[in-house]
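Keep in mind it's a predicted model, so treat the numbers as computed, not measured. Atom set for the values below is all heavy atoms of this structure, side chains included, hydrogens, waters and symmetry mates excluded.
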Amino acid sequence: MTALRTPRAVGALRIGAGVAVLVTLGVAYGARIAEGDPSPFDFFGYFTNQTSLLTAAVLVVAGVLSLRGLAMPDGLSLARGTATACMIVVGVVYNVLVPGTGSAALWVSVTLHIALPILVTLDWLLVGDRPPLPWRRLWVVIPYPALWLVGVLVRGATDGWVPYGFLLPERGALSLALHVAGLFAALVAAGALVWAASRRRPLRPRDGLARRGAPTSTS
């Protein structure tokens, strides 16, 4: 594990993973265009696709900072924690509750629903450039999924398009409320696990890997 304790190795892995996810999304979107559905609002209306895009951006930014040996800003640590919590929910829901669903190519599903959730979780657990996240900030896992949900529900009420069957208006208000409550309960639970894991002793942030509030080696 020594190689992973250097900023260049961590940064390169993060950037490589982020770029790989962006390429995967680009190929998948290109396939949708070829099938006659060019709308980016449809493609990125799926929580998996939108969250993967944002997570890839966070990985690339964190990777650049790692390559430069710079400390992670508090805001980026919170963004990483939120992205990790959301990807855990993506992985669990797809692989446990609705395995094998969806029309994407198998390799796309494996990349976005298995490889990416595992990668960001291991990154969070093993690399020591993140501080313990304050419990009073656990609420930050909610705004992004809430905005996604509002946008989806507005579309469902106006043009009838929703990415997932449980969001269909004809399912009834009670069914919608129960599914939404379950989704946000899962997000808060995943967030709590991520916040708790930030207090776990990771690989020490040495050899140039810095975290805010910790001294950076000058040797």
Side-chain angles (χ1 to χ4, degrees), residues 17-18 21 25 41 43-59 61-62 72 74-102 104 109-126 130-157 161-169 171-200:
V21 171
L25 290 169
F41 299 104
F43 183 77
F44 289 105
Y46 287 91
F47 188 72
T48 294
N49 295 343
Q50 190 174 124
T51 304
S52 297
L53 176 65
L54 297 176
T55 300
V58 169
L59 281 172
V61 173
M72 295 289 162
D74 291 340
L76 182 58
S77 293
L78 287 169
R80 286 183 60 210
T82 299
T84 303
C86 289
M87 289 310 307
I88 289 173
V89 171
V90 166
V92 170
V93 169
Y94 181 84
N95 293 288
V96 176
L97 300 181
V98 288
T101 60
S109 291
V110 169
T111 300
L112 302 183
H113 296 111
I114 299 176
L116 183 57
I118 290 174
L119 184 144
V120 296
T121 300
L122 290 177
D123 184 27
W124 187 257
L125 289 173
L126 298 180
R130 41 90 177 134
L133 299 182
W135 288 108
R136 67 180 182 277
R137 298 263 182 101
L138 180 59
W139 61 268
V140 301
V141 303
I142 296 299
Y144 156 62
L147 288 173
W148 168 81
L149 180 65
V150 169
V152 166
L153 292 179
V154 168
R155 283 206 62 190
W161 186 91
V162 293
Y164 308 110
F166 68 84
L167 295 174
L168 288 169
R171 295 285 181 91
L174 178 60
S175 174
L176 177 62
L178 290 174
H179 280 93
V180 169
L183 172 63
F184 281 96
L187 284 164
V188 172
L193 289 174
V194 171
W195 259 239
S198 72
R199 286 154 174 78
R200 175 188 177 277

Is there a side-chain contact between [X] and [Y], using heavy atoms and a 4.5 Å cut-off?
| X | Y | result |
| --- | --- | --- |
| T121 | I88 | yes |
| L183 | V89 | yes |
| T111 | L116 | no |

Among Y46, F41, F43, the one residue meeting ring pair (Phe, Tyr, Trp, His ring centres under 6.0 Å) with W161: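 Considering Y46, F41, F43, a ring pair (Phe, Tyr, Trp, His ring centres under 6.0 Å) with W161 is found only for Y46.
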
I need the minimum non-hydrogen distance between [X] and [Y], along with the two atoms involved.
| X | Y | result |
| --- | --- | --- |
| F44 | Q50 | O-NE2, 2.8 Å |
| P132 | S198 | CA-OG, 3.4 Å |
| M72 | A62 | CE-O, 3.3 Å |
| W195 | P134 | NE1-O, 2.9 Å |

Please check: side-chain N/O of [X] versus main-chain N/O of [Y], any donor-acceptor pairing under 3.5 Å?
| X | Y | answer |
| --- | --- | --- |
| R130 | D74 | no |
| W124 | V194 | yes |
| N49 | L25 | no |

Mind checking the [atom1]-[atom2] spacing from [X] to [Y]? Nearest 0.5 Å is all I need.
| X | Y | atom1 | atom2 | value |
| --- | --- | --- | --- | --- |
| M87 | L54 | CE | CG | 10.5 Å |
| L167 | F47 | CG | CZ | 11.5 Å |
| L133 | R199 | CG | CZ | 7.0 Å |
| L125 | R200 | CG | CZ | 5.5 Å |

Could you tell me which residues satisfy side chain to side chain contact (heavy atoms under 4.5 Å, CB included) with A17, sequence neighbours excluded, listed by chain and number? L59, L119

Using residues 138-157 as the side-chain source, report each donor-acceptor pair under 3.5 Å to any protein atom, sequence neighbours left out, with the distance given to one decimal.
unit_1	atom_1	unit_2	atom_2	d
W139	NE1	R136	O	3.2
Y144	OH	T51	N	3.2
Y144	OH	T51	OG1	2.7
W148	NE1	G45	O	2.7
R155	NE	D159	OD2	3.2
R155	NH1	D42	OD1	2.7
R155	NH2	D42	OD1	3.0
R155	NH2	D159	OD2	3.0

